[in-house]
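Working notes, beginning with the structure itself.
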Amino acid sequence: METISENRCFGGVQGVYRHPSGATGCDMTFGLFLPAEAALHPVPLLWYLSGLTCTHENAMTKAGLQAHAAAHGLAVVFPDTSPRGEGVADDPAYDLGQGAGFYVNATQDPWAPHFRMWDYLTDDLPRVLFNNFALEEDRQAITGHSMGGHGALTMAMGQKGRFTSVSAFAPITHPTASDWGRKQLAAYLGPDESLWAAHDATLLMQGDGFDGDMLIDQGASDQFLNLLCPEALAQAMAAKRQAGSFRMQPGYDHSYFFVASFAAEHVAFHARALSL
């Protein structure tokens with residue numbers, strides 16, 4: 001693992017690191033904020049998954065999570081959204097290819113050799129994190145924005161017992177029924193739609209749901225509302241009697257200004273779930 005940078009931040013350290021990944025077959029970069037307590041003992045970990053076009057850097061510099069995480073003694077990891085580099089497949093569209101991994105394991109050409117983001121986030125990166133930093137493996141929570149909200153929800157429901165809590169900012173909630181989903185799932189997983197269901201938060205909620213608490217914030221003035229399908233997940237949560245809250249926030253759009261506005265509440269939500 002290579003250290004790209006480390007900066008003092010709210011009493012802790014904001015680092016950026018690069019490592020080779022067996023899952024993606026290329027080098028991957030991630031950001032990690034460690035609070036001051038990590039110098040003394042292992043600390044709980046909050047995962048933040050970013051949205052379309054983002055790298056590890058966008059939320060790390062725009063969401064303002066470090067100050068809130070430091071107040072609770074909580075680490076935050078900021079993974080990249082896709083494999084990158086020479087020889088990694090890409091597409092001219094912003095919503096497919098590099099920057100748009102959709103947190104799945106691709107099975108179709110030309111994506112299959114590198115676009116294995118599910119395995120990267122469930123196996124490769126956790127091993128790097130827990131082997132190299134003072135983090136508690138048995139206390140993890142997850143959040144994300146837009147495509148990252150989709151990833152956070154599907155990973156929380158798809159990996160029972162791993163995450164104490166899950167939250168999301170304007171998540172893609174029903175990708176099998178949306179142009180932000182059908183295009184990418186078909187490209188990465190092929191035309192058999194039965195293989196897409198494991199990556200649809202609404203369908204997963206209609207199934208087993210989540211075995212912890214959940215918090216969803218959606219901007220009511222989001223310019224991508226029709227692609228996000230928030231009503232589908234809200235209805236599924238209500239029908240499942242899922243523990244949690246789905247909040248429509250008047251006037252807010254899809255930007256990082258929206259994320260930053262509610263970041264403190266999301267971090268506090270996870271801190272309570274993690275008993276901090």
Quick check: is [Y] connected to [X] through a chain of hydrophobic side chains (ILVMFWY, heavy atoms under 4.5 Å apart)?
X    : Y    : result
L121 : F133 : yes
L125 : F33  : no
F269 : F258 : no
V259 : M214 : no
L34  : V16  : no

Would you indicate whether the side-chain heavy atoms of [Y] and [X] approach each other to under 4.5 Å?
X    : Y    : answer
L46  : L274 : no
S178 : L228 : no
M1   : F30  : yes
P20  : D27  : yes
L45  : F130 : yes
P79  : W47  : yes
F115 : Q184 : no
T173 : I216 : no

Gap separating the [atom1] atom of [X] from the [atom2] atom of [Y], nearest 0.5 angstrom:
X    : Y    : atom1 : atom2 : answer
C229 : Q235 : SG    : CD    : 10.5 Å
R272 : S165 : CZ    : OG    : 9.5 Å
M28  : H114 : CE    : NE2   : 11.5 Å
D217 : S245 : CG    : OG    : 9.0 Å
S275 : R139 : OG    : CZ    : 6.5 Å
L32  : E6   : CG    : CD    : 9.0 Å

Inset, instruction - Check the pair E193, R182 against side chain to side chain contact (heavy atoms under 4.5 Å, CB included), reporting the backbone distance first and the verdict last. - result: CA-CA 9 Å; E193 296 189 20; R182 294 190 62 81; 2.6 Å; yes

When you measure from the side chain of [X] to the backbone of [Y], do you find a donor-acceptor pair of N or O atoms at a distance under 3.5 Å?
X    : Y    : value
W196 : G190 : yes
Q66  : M60  : yes
D253 : D222 : no
D119 : A23  : no

Tell me if the [atom1] atom of [X] is crowded by more than 12 foreign heavy atoms within 6.0 Å.
X    : atom1 : result
N226 : CG    : no
Y94  : OH    : yes
D179 : CG    : no
D208 : CG    : no

If you compare all heavy atoms of [X] against all heavy atoms of [Y], which two are closest, and at what distance to 0.1 Å?
X    : Y    : answer
V43  : G73  : CB-O, 3.6 Å
A198 : L204 : O-CD1, 3.5 Å
H150 : I172 : CB-O, 3.3 Å
L74  : P44  : CD1-O, 3.5 Å
G212 : Q242 : O-NE2, 3.0 Å
N105 : M117 : OD1-N, 3.8 Å

Legend entry - side-chain contact (heavy atoms from CB on, under 4.5 Å) partners of T55, counting only residues at least two apart: E57, N58, D80, R84

Legend entry - Non-neighbouring partners of A59 that pass side-chain contact (heavy atoms from CB on, under 4.5 Å), sequence neighbours left out: Y48, S50, A63, F78, Y256

Quick check: [Y] with [X] (ring centres under 6.0 Å apart)?
X    : Y    : answer
H199 : W118 : yes
Y120 : H19  : yes
Y188 : F102 : no
H266 : F169 : yes

Legend entry - No-hydrogen, no-angle side-chain donor-acceptor test under 3.5 Å, Q218 and Y252: no

Legend entry - side chain to side chain contact (heavy atoms under 4.5 Å, CB included) evaluation trace for L233 with L153: CA-CA 10 Å; L233 181 59; L153 291 167; 3.8 Å; yes

Legend entry - D91 vs W111, side chain to side chain contact (heavy atoms under 4.5 Å, CB included): CA-CA, chis, key distance, verdict: CA-CA 10 Å; D91 189 274; W111 314 107; 4.0 Å; yes

Inset, instruction - With side chain to side chain contact (heavy atoms under 4.5 Å, CB included) as the test, would you mind laying out the steps for L129 and E137 before giving the verdict? - result: CA-CA 9 Å; L129 291 170; E137 190 168 0; over 6 Å; no

Legend entry - Residues D124 and R127 bridged, charged N to O under 4.0 Å: yes

Inset, instruction - Hey, can you tell me if H254 and W180 have their rings parallel, tilted or perpendicular (30° and 60° cut-offs)? - result: tilted

